[in-house]
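Accompanying notes for the structure given below.
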Amino acid sequence: MNVLVVDDEPIIRQGLRELVDWEHFGFTYAGDAEDGLEAYELIDTLHIDIVITDLIMPRMDGLALIRKLKECSRPISSVVLSCMDDFTYVKEAMKLGAKDYILKPTMEPESLMDILVGVKRDLEIQRNERREQGLRELELASTLQMQISTRLQAYLQLGVGEAELQAELFGTSAGSSRADAAAGSLVSLLLHTGASAATTGWRWTGCLAALPLAADSVLLLMPVAAAATDGGALAAAAALERAAQVRLATAPDWFIGAGVVLRRLQDVQPAAALHAQQLHERFYGVSRNRRIVLAPEAASTPTAALPYDIRSDLLRCIVHDNSEGYLHHADVLCARLREQRPEKERVLPFIQELLALAAGYARERGYAEIERYEELFVHNKALHPCTSFEQVKLFLLQAMSMLSEHQMALGNDQKHRSNNPFIRKVLTYMQENYASPISTSDMADHVRLSRSYLSDLYSKEMGESLSETLIRIRMEEAKRRLRAGEMKVYEVADAVGFPDAKTFAKTFKRVVGCSPKEFEKPN
């Protein structure tokens, strides 16, 4: 335990510091002070447990210091060491809480240690009793809080128990007017802990009810003064923020939502809607402040449709091995989600399903490292910790980039290498004449085989039809020319063998997954 010596005589302070073997008896000589005022300023800084003090000192005497020690939040014991042998001083010091009174002329180090050991024992007993009492009170408050929370949840979901809850939470009957209900007021607060710190098992000190609001989020109802206005809600949010800075020091994504003052049970449902809106705004917002405030009149965002059309275009690009296309559509999809702002609870499953479908199509196309992709982006529920839309967007783009890196496009030389001379000859013919309006009959005539025989042979050997290969060759060349940005769309259509720009655009959209205009725009 830490000991502080308070005496205006330097020789006394030095003697106690150097002549007593403090550590042998389980004490630490933490410091000393010249008077009570200096000593009181050191109490918390040095974490003092026992104060040995003189009585007659300048600025603040020993009796005043002992009186001030009673105001401390934790028990601190005091022992008087004085030349004053007047019983009046002894009586007053003991009345104020001093554990013993020692006269300097008769004090021996051994007797001082005997007294301090006893004081230490009593102080430990007092602190243990206080700690156990606090735990009992906390356990009782937690049990009551759980009971009220359960009944409040039943009321919000089923509308039962209104009269009892109104009386218990606000001290009034369910039919009382708002003015009458002002006798008891609560303030609503939102606490989002983030996935790295669960709310389960928390003991909400001073909280009457704690209701789950969303994933990793809880709605707290805290008592406030009867005359409190919405300023009371801000003050309560600030206090909870200070507590969370300690309790959630290692959780990166926690935040507090300031609510409103509630004066009747019917106010709880609108408060929950307000906090749900705060969660929504936080998910799509750019601010990462620990405390957020949203006006009570803020309207809820209407349910927005999820962009399944863009998701289909993205998946079509994977089927056709168009990495530029699915990277482009990933950006477009994220832009649409940010614009429409659907609920987080719908966005996360939507993106997770997209990633799983992408894995299936990529596996069919022979993409490399697909097992690693599934481990990172499909199976481990990595989207769950995302607390902002920017994190979701980054996650999706990382997944698409990994697919692009490991893509094994069907159009590369390895995939389409064949030892059959007829296949090799017809492939060369298509690569050299794609800009002309050639047909499967022209291909058959070129290799001097019947059209039906060549078509069957080619499909079995290459896994796709002659027409599909020709379209793919034309699309690859079209993408190259569009990417260069030197030709108009209609010029590209003519250069790759299409009769008109409309037919080209329709084919390009079907194969690539986006229009030529969209493709040529920078991501």
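As the structure is a prediction and not an experimental result, all values here were calculated from the model. Note that the numbering runs from 1 along the sequence shown for the chain.
- Residues Met402 and Leu376 are in side-chain contact: their nearest non-hydrogen atoms beyond the backbone lie under 4.5 Å apart.
- Looking at Ser188 and His275, their side chains come closer than 4.5 Å, going by heavy atoms from C-beta outward.
- Note on Lys488 versus Glu491: no salt bridge recorded, every NZ/NE/NH1/NH2 to OD/OE distance being 4.0 Å or above.
- Contact between Pro212 and Gln153 at its shortest, heavy atoms only, is CD-NE2, 4.1 Å.
- Contact check for Leu337 versus Pro342: side-chain heavy atoms found under the 4.5 Å cut-off.
- Residues His328 and Glu518 meet the side-chain proximity criterion, which asks for heavy atoms closer than 4.5 Å.
- The pair Glu241-Arg291 meets the salt-bridge criterion, since a charged nitrogen lies less than 4.0 angstrom from a carboxylate oxygen.
- With rounding to the nearest 0.5 Å, the separation of CD1 in Ile76 from CG in Leu69 is 5.5 Å.
- Glu374 meets the side chain to side chain donor-acceptor pair (under 3.5 Å) test with Arg363; sequence neighbours excluded.
- Judged purely by distance below 3.5 Å, without hydrogens or angles, the side chains of Thr387 and His192 never pair a donor atom with an acceptor atom.
- In this structure, the side chains of Phe504 and Asp494 stay at 4.5 Å or more apart for every pair of heavy atoms.
- Residue Arg151 is tested with Glu168, Glu162, Glu164 for a salt bridge (Lys or Arg N to Asp or Glu O under 4.0 Å); the sole match is Glu168.
- Here the straight-line distance linking atom CG of Leu262 with atom CG of Leu169 works out to 9.5 Å at 0.5 Å rounding.
- The two residues Ile256 and Ala244 come nearest to each other via the heavy atoms CD1-CB, 4.4 Å.
- In this structure, Arg282 satisfies the cation-pi test against Phe255, with its NZ or CZ atom closer than 6.0 Å to the six-membered ring centre and inside 45 degrees of the ring normal.
- Using a 4.5 Å heavy-atom threshold, the side chains of Leu152 and Leu265 count as touching.
- Heavy-atom contacts from other residues, nucleotides or ligands closer than 6.0 Å to CD of Glu71 number more than 12.
- Residue Glu477 forms a salt bridge (Lys or Arg N to Asp or Glu O under 4.0 Å) with just one option from Arg480, Lys479, Arg474, and that option is Arg480.
- A centroid separation of less than 6.0 Å is found between the aromatic rings of Tyr308 and Phe350.
- Using a 4.5 Å heavy-atom cutoff, the side chains of Glu486 and Arg481 are not in contact.
- With no hydrogens or angles considered, no side-chain donor-acceptor pair links Ser312 and Asp309 at under 3.5 Å.
- Inter-residue side-chain proximity for Tyr361 and Arg316 is flagged as unmet; no heavy-atom pair is nearer than 4.5 Å.
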